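Worksheet: one structure, shown below.
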Amino acid sequence: MSVGQDDIEDSSAPLIEHLAELRTRLIRSVIAFIIGICLAFTVAEPILQFLLGPIEETLRSLGDPSPTMQYTSPQEYLFTLFRISMVFGFALAFPVIGYQMWRFVAPGLYKNEKGAFLPFLVASPVMFLLGASFAHFVVTPLAMAFFLGFADVSSIFANLLSTAADRVSDGVAGIPAGEPAVVPETASGIRITFFGKVNESLDITLKFILAFGLCFQLPVLLTLMGKAGLVSAVGLGSVRKYAVVAILVLAALVTPPDVTTQGILFVVVYGLYEVSILLVRMVERKREKELRAQGLWFEDDEEPEVDPMMKEFDEDDGAPDDSGNKDKT
């Protein structure tokens, strides 16, 4: 057997071990996910009521005494509950999935890398939960009030109740004995009525939750990139104007055409961007302090980054140009 074949066989063994380890971690993660789905399905209907809470409050505030939603196919409600079970089942299983992910990558990390990666693994679900809570309790009610405010949301059932209340008699409550309930006649025009579908209303709520949950990952992502040396605080500050434009576009895409909602999203995400700059700056200072303590930090190794505005100011004051000559006036 040649030397090249020996090298190939020696390198294949660790690869097979890694693949076997990956398979084990994936199987455990899938089992945890299935268990999470089963647990979430047992409380899927209360979760659905909770997610549709902003729509219910909006309908009641607009005059509907009995908010009602519908589904138009036999399997729609079941699939809606199953969809909720998958989303919240993953949330329940995430600690196990995150732990399996950590156990797979941890052996290949140095001690300092483990200490850097683990906090982000914990901070990511916490920030997602904050973003989801902000979307459900702040953004979704504003969006529902904006959308439903254009239509007459009083349902036919509400009209029947108001009519029956004026005709109370000895028969069935609100309806005289032997007289059927009738839909009140309107004088002119077509009444635009909201009959919300469960799956479509849930889809809007889940999109808000997912969008804001991901937006709240911005400090985690940028700080992790700063720790890896991919971005710097000065670099993030220099592209601040482009970040403002990007955040405005994002706010226009994921929120309804409502200035209030878009303004709230812009303020929150831009605030997270500024917090990310501060966190990256703290990471850089900590890294510089450690390198100085080890004697590995040299001022002449790289030219310090300068804010573009300060650079223009220095050039106007007669700073040296690229040729090394000072501009004398």
Side-chain angles (χ1 to χ4, degrees), residues 36 40 43-44 46-62 67 80 83-95 97-98 119-149 196 198-226 236 240 243-280 282:
V43 292
I47 294 176
L48 177 61
Q49 295 289 338
F50 173 74
L51 293 177
L52 297 179
I55 300 180
E56 177 190 356
E57 294 177 2
T58 303
L59 290 173
R60 292 189 183 277
S61 65
L62 293 175
T80 300
R83 184 181 179 185
I84 292 175
S85 302
M86 291 187 64
V87 174
F88 284 84
F90 179 80
L92 292 175
F94 184 81
I97 296 174
F120 295 100
L121 191 62
V122 176
S124 181
V126 173
M127 294 301 295
F128 187 90
L129 181 61
L130 289 176
S133 301
F134 180 80
H136 180 74
F137 293 107
V138 178
V139 179
T140 304
L142 292 174
M144 291 301 105
F146 176 79
F147 286 134
L148 298 178
V198 176
N199 62 338
E200 293 179 356
S201 301
L202 178 66
D203 184 65
I204 295 175
T205 302
L206 290 180
K207 282 182 178 179
F208 280 144
I209 290 176
L210 180 62
F212 279 83
L214 293 178
C215 287
F216 272 63
Q217 299 295 312
L218 186 63
V220 179
L221 177 62
L222 292 181
T223 306
L224 184 60
M225 293 176 66
L236 292 175
R240 186 179 282 108
V244 169
V245 176
I247 295 171
L248 287 174
V249 173
L250 176 66
L253 292 177
V254 303
T255 59
D258 176 21
V259 177
T260 302
T261 309
Q262 293 177 356
I264 291 175
L265 177 60
F266 172 77
V267 171
V268 171
V269 178
Y270 182 74
L272 292 174
Y273 185 80
E274 293 294 337
V275 170
S276 302
I277 295 178
L278 295 177
L279 292 175
V280 172
M282 291 174 59

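These numbers were taken from a predicted model, which means no experiment stands behind them.
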Applying side chain to side chain contact (heavy atoms under 4.5 Å, CB included) to V87 and I209, what does each step give before you reach the verdict? CA-CA 11 Å; V87 174; I209 290 176; over 6 Å; no

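Heavy atoms only, all atoms of each residue included: F50 and H136 are closest at O-CE1, 3.1 Å. Minimum interatomic distance between S85 and A40 (heavy atoms only, all atoms of both residues): O-CB, 3.7 Å. Pairing each heavy atom of L59 with each of P67, the nearest pair is CD1-CB, 3.7 Å. Y270 and I247 make their closest contact through CA-CD1, 3.7 Å (heavy atoms, listed as atom of the first residue, atom of the second, distance). L51 and P54 make their closest contact through O-CD, 3.4 Å (heavy atoms, listed as atom of the first residue, atom of the second, distance). Contact detail for L142 and V138: the closest heavy-atom pair is CG-O, 3.3 Å.
For the salt bridge (charged side-chain N to carboxylate O under 4.0 Å, His left out) condition, the pairs that include at least one residue of residues 205-224, sequence neighbours left out, are D203-K207. Within the structure, the salt bridge (charged side-chain N to carboxylate O under 4.0 Å, His left out) test picks out the following pairs touching residues 259-275 (sequence neighbours left out): R240-E274.
Under the 4.5 Å side-chain criterion, counting only non-hydrogen atoms from C-beta, Y273 is not in contact with V244. Inter-residue side-chain proximity for L265 and V139 is flagged as unmet; no heavy-atom pair is nearer than 4.5 Å. Inter-residue side-chain proximity for I204 and M144 is flagged as met; some heavy-atom pair is nearer than 4.5 Å. For the pair L224/V220, no side-chain contact is recorded, criterion being any heavy-atom separation below 4.5 Å from C-beta on.
Atom CZ of R60 sits about 13.0 Å away from atom CD1 of I55, to the nearest 0.5 Å. How far CG of L222 is from CG of L218: 4.5 Å, rounded to the nearest 0.5 Å. In this structure, T140 OG1 and E57 CD are separated by 11.0 Å, a value rounded to the nearest 0.5 Å. Here CZ of F128 is found 10.5 Å from SG of C215. Values are rounded to the nearest 0.5 Å. From L52, atom CG reaches atom CD1 of I47 across 12.0 Å, with rounding to the nearest 0.5 Å. Taking CG of L248 as the reference point, atom CG of L253 lies at 11.0 Å (rounded to 0.5 Å).
In this structure a side-chain-to-backbone donor-acceptor pair under 3.5 Å is missing from Q217 to M127.
Using bins of under 30°, 30° to 60° and over 60° for the plane-to-plane angle, the ring pair F208/F212 lands in the perpendicular bin.
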